[in-house]
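Read the numbers this way: they start at 1 and go in the same order the structure lists the ligands and their atoms.
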Amino acid sequence: MAETLTHKIIIEHLVSGDMATGSEIAISMDQTLTQDATGTMACLQFEAMGIPRVKTQLSVSYVDHNMLQVGYENADDHRYLQSFASKYGLLFSRPGNGICHQVHLERFAVPGQTLLGADSHTPTAGGMGMLAIGAGGLDIAVAMGGGPFYLSMPKVVLVRLNGSLPPWVAAKDVILGLLRRLTVRGGVGKVMEYGGEGIASLEIPERGTITNMGAELGATSSVFPSDEVTRAYLKAQDREDAWKPLSADPGAVYDEVVEINLSELVPLAAQPHMPDRVVPVAELAGTKVSQVCVGSCTNSSYRDLVRVAAILEGKMVHPDLSLTISPGSRQVYEMISESGALTTLISAGARILEAGCGPCIGMGQSPAYGGVSLRTFNRNFEGRSGTQNAQVYLASAEVAAATALTGVITDPRTLGKPPQVAQPREYLADDRMIIRPAARPEKVSIQRGPNIVPLKPQEPLQDDLKARVLLVVGDNISTDHILPGTAKVLPYRSNIPAISEFTFEGVDASFVARAREWGGGILVGGNNYGQGSSREHAALAPAYLGVKAVIAKSFARIHRDNLINNGILPLTLVNEADYATLAQGDELQIDNLHSSLRSGQTLIVRNVAKGRGIVVRHGLSPRQVDVVLAGGLLNYTKLGGKTKA
Ligand code: MIC
Ligand code: SF4
């Protein structure tokens, strides 16, 4: 049978399940990646599982998020992660070596393999023909221990690219254009598989930009075929032996097809505060901007930074605006230094930051009060920059450079001829910032600082659930709303009691006190609840505060899995109109929860004071029911995959 590329990779890695859309399958993972903001938790969870050594072909632990060291906390986490990697058999990418997704694409991604990453932008490696999926820390811990990853069998969408990009139009505009068409929910339950004659004109870093931001569509993953472009990139990275050709069979049947004519695209930008509020840059032209940030795992490649430098060559950034540059990796940094692009950027007045996530997650460089920031990043959720009322726009490196010169949002097509920038024939392949695990692991002791607080045991779910509605929120609530990033909060990623104090901070400052006073409760959300990051903390912190269930119109994939893995019930309203009947303070009750979860897909939630019953769907597989009843995946795994409840 003619297969899609996605199906081919899944078939090769299938451990159990039936590949019918929506049913639960389990696939083996060849590689994992973790980063410091989610990785400390994954490592603590791995330790709690008592497995002596990782069992994957390759597991890499990166330090790229929590890089500002204004107290001891982040540095302690780095030290813990390094000792953990050494003892348990992971490669350790040191702080300064770069953003996990950029480095992984450069040095480790392999066509046809699977990768599970503790970060939602893990699908970046799909630019290299990998099936790369983002997940919560617990799922990664299990995969590091050799366990399969469970997911619901996605639909496969062919995104057929025709034509080629016009001057000044970038790969970023391809994915922004898709977001405009499909919205932040358009990819939920789907793998976006790219094909068509247009892909041959896209270099690997450009493909990486597109697969990276497939996360904003809510997609399970995004993948490009592995072709001669892939081979050339791997050769230039001194890794040609990792190459193999890979594509869909002719005549493969897709669940959906989306056609994009690259030649018709124009420069686009996402307006505050959603990645899908996309309009042509020309419509925003003239908007005054106080900050431009170039970088993040979406647009921090050598190619992007050299283009920015070429546009700024011999000029100065506008006096009312601050330009920051964060190279994606040490390789990129060193190469822009050698090529002279770094000097050009410095002399144009750019503020050069270290190779890491930096401003993307609010780790420094927060905009001014009410400031307007145009960024080459992938997310612009309210408050994510560290300034609650900042207005953040997302666009390509070309738009960013043009805007940096003029001080107002600028369509780069007004700048005349675009710079010609050739792909390097050879990248600087130097892995000395990647530390290999110890040859004698028994000699390594794990280094823990006082901010690394052991996990609280998970508690099994009670049978008769009675709790009050703690908070009602609207559509598209992101994990940045639930548990913010930023330099203030991120240092507590390995300290759940401390980080839970920030739960819903920017949404309702009284939330934590109320959760304490009421002894926990239930959350009510709209559509796409929990979109955005993979951070498990958006489930761990509510669980710590006693949240037992979330009732929503719909959920984002990774967050829903994280809720289940941490023993919180995700319940979807069967009748969306019932959302309006739920209010903060309502007392809700579910009787005989255990047997109801096992016997059917729906439950009745009684709104005690209002005397109404609401029908909700749990949609859990039998395995997930066991996980929730055990109180979470850690308990379930310790019990050997069974639950007593
Ligand atoms: C993000 O972009 O939101 C992050 C920070 O990379 C997260 C992971 C995290 O919260 O640590 C992600 O995308 O998963
Ligand atoms: Fe880092 Fe930003 Fe990419 Fe997340 S989206 S991995 S914070 S650069």
Side-chain angles (χ1 to χ4, degrees), residues 33-42 61-68 74 77 81 93 95 98-105 116-125 132-137 139-140 175 208-209 211-216 218-219 275 293-301 304 324-329 332 353-365 375-381 383-386 392 394 478-487 489-494 499 502 530-541 556-559 561-562:
L33 74 75
T34 43
Q35 40 89 340
D36 50 335
T38 50
T40 42
M41 213 26 82
S61 168
Y62 292 92
V63 176
D64 52 3
H65 283 67
N66 292 354
M67 305 271 275
L68 287 183
N74 289 343
D77 280 358
L81 289 171
S93 174
I99 306 175
C100 53
H101 309 304
Q102 173 68 26
V103 177
H104 213 81
L105 200 58
L116 195 68
D119 192 282
S120 63
H121 291 103
T122 302
T124 311
I133 302 177
D139 282 326
I140 312 296
I175 189 65
T209 295
T211 50
N212 172 281
M213 226 177 149
E216 277 50 65
C293 299
V294 176
S296 91
C297 53
T298 321
N299 282 110
S300 59
S301 63
D304 281 323
T324 73
I325 307 275
S326 324
S329 67
V332 171
L353 309 178
E354 64 179 322
C357 301
C360 177
I361 186 58
M363 189 50 77
Q365 305 299 328
R375 303 173 157 211
T376 65
F377 306 167
N378 47 38
R379 290 189 174 140
N380 57 349
F381 302 134
R384 179 175 164 97
S385 64
V392 177
L394 308 172
S478 71
T479 54
D480 281 301
H481 291 105
I482 304 169
L483 207 273
T486 78
V489 185
L490 279 160
Y492 303 112
R493 283 291 182 94
S494 42
I499 207 167
F502 299 95
Q531 72 163 327
S533 84
S534 68
R535 73 189 64 146
E536 198 162 33
H537 301 76
L540 279 162
R557 173 187 65 88
I558 306 179
H559 186 60
D561 286 350
N562 282 337

- prompt: When Y62 is tested against each of H104, Q102, Q35 for side-chain hydrogen bond (donor to acceptor under 3.5 Å, both in side chains), which residue passes?
  reply: H104
- request: Select all protein residues for which some heavy-atom-to-ligand 1 distance is less than 4.0 Å, and list them by chain and number.
  value: Q35, A37, T38, H65, D119, S120, H121, I361, R379, R384, R493, S533, S534, R535
Do the side-chain N and O atoms of [X] and [Y] include a donor-acceptor pair separated by under 3.5 angstrom?
X	Y	value
H101	D119	yes
N66	D77	no
R384	S533	no

Distance (rounded to the nearest 0.5 Å) between [X] [atom1] and [Y] [atom2]:
X	Y	atom1	atom2	result
D36	N74	CG	CG	7.5 Å
S300	I325	OG	CD1	11.0 Å
L81	S93	CG	OG	11.5 Å

message: Show me which atoms of ligand 2 lie under 4.0 Å from any heavy atom of N378.
response: 5 (S)
- prompt: Which ligand 2 atoms does R384 reach within 4.0 Å, using its non-hydrogen atoms?
  reply: 2 (Fe), 5 (S), 7 (S)
- line: Protein-derived N, O or S atoms sitting under 2.8 Å away from atom 1 (Fe) of ligand 2 total 1
field: Residue pair L394 / E216, side-chain heavy-atom distance below 4.5 Å
entry: no
message: Are the side chains of T376 and D304 in contact, using a 4.5 Å heavy-atom criterion?
response: no
task: Check S296 against I99 and note the closest heavy-atom contact, atom names and distance.
output: C-CD1, 3.6 Å
